[in-house]
Amino acid sequence: MEQIKDKIDKCMILIMERFDKLENKLEKLHETNNIKDTDLLDDNEAQSLLNVSKRTLQRYKQQKLLPHSKVKGKSYYLGFDIIMFKRGRMNKI
């Protein structure tokens, strides 16, 4: 009887962890939904929305994983590109 209770407890923990992951995904999608396709975002905004470091964002640009444009040495990203990139990353989680 004790073993069954332990297995049920473990299953409940796994289920709750899965719900937490789903909740995090939904929160991130909600953030993305506030972006318009035509919005221009700078490095700081892109980092925040993608939840990545400055170096990771730079790596995405260098590897041509995330399209960007430069104006007077400053990088800008289309909202559409951020949304699509984020959706692609979330599908891998």
- Short side-chain to backbone donor-acceptor contact, Glu45 and Asp42, under 3.5 Å: yes
- Message: Set out, in order, the CA-CA distance, both residues' side-chain angles and the distance that settles side-chain contact (heavy atoms from CB on, under 4.5 Å) for Leu14 and Glu17, then state yes or no.
- Response: CA-CA 5 Å; Leu14 290 173; Glu17 287 174 355; 3.9 Å; yes
When rounded to the nearest 0.5 angstrom, what distance separates [atom1] in [X] from [atom2] in [Y]?
| X | Y | atom1 | atom2 | value |
| --- | --- | --- | --- | --- |
| Ile82 | Ser48 | CD1 | OG | 10.5 Å |
| Leu66 | Tyr60 | CG | OH | 8.5 Å |
| Met16 | Glu23 | CE | CD | 9.0 Å |
| Gln62 | Arg55 | CD | CZ | 5.0 Å |
| Lys10 | Ile13 | NZ | CD1 | 8.5 Å |

- Message: Any non-hydrogen side-chain atom of Glu2 less than 4.5 Å from a side-chain atom of Lys5?
- Response: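 The answer is no, as the side chains (C-beta and beyond) never meet within the 4.5 Å cut-off.
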- Message: Could you check whether Lys86 pairs with Asp81 (Lys NZ or Arg NE/NH1/NH2 to Asp/Glu carboxylate O, under 4.0 Å)?
- Response: no
- Hydrophobic side-chain clustering at under 4.5 Å (ILVMFWY, transitive links): who's grouped with Val71? Put none if nobody. Leu40, Tyr76, Leu78
- Query: Gly79 and Leu41: which non-hydrogen atoms are nearest, and at how many Å?
  - Reply: CA-CD1, 4.2 Å
- So, for Lys61 and Ser75, which heavy atoms are closest and what is the spacing to 0.1 Å? NZ-OG, 3.1 Å
- Task: Starting from the C-alpha separation in whole Å, work towards a yes-or-no answer on side-chain contact (heavy atoms from CB on, under 4.5 Å) for Leu50 and Thr56.
- Result: CA-CA 10 Å; Leu50 296 173; Thr56 299; over 6 Å; no
- Task: Tell me, with the steps shown, if Asp39 and Phe80 meet side-chain contact (heavy atoms from CB on, under 4.5 Å).
- Result: CA-CA 8 Å; Asp39 285 349; Phe80 175 80; over 6 Å; no
- Evaluation steps, side-chain contact (heavy atoms from CB on, under 4.5 Å), between Asn44 and Gln47: CA-CA 5 Å; Asn44 291 331; Gln47 283 174 236; 3.9 Å; yes
- Looking just at side-chain N and O atoms, do Asp43 and Tyr77 make a donor-acceptor pair shorter than 3.5 Å?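 Short answer, yes.
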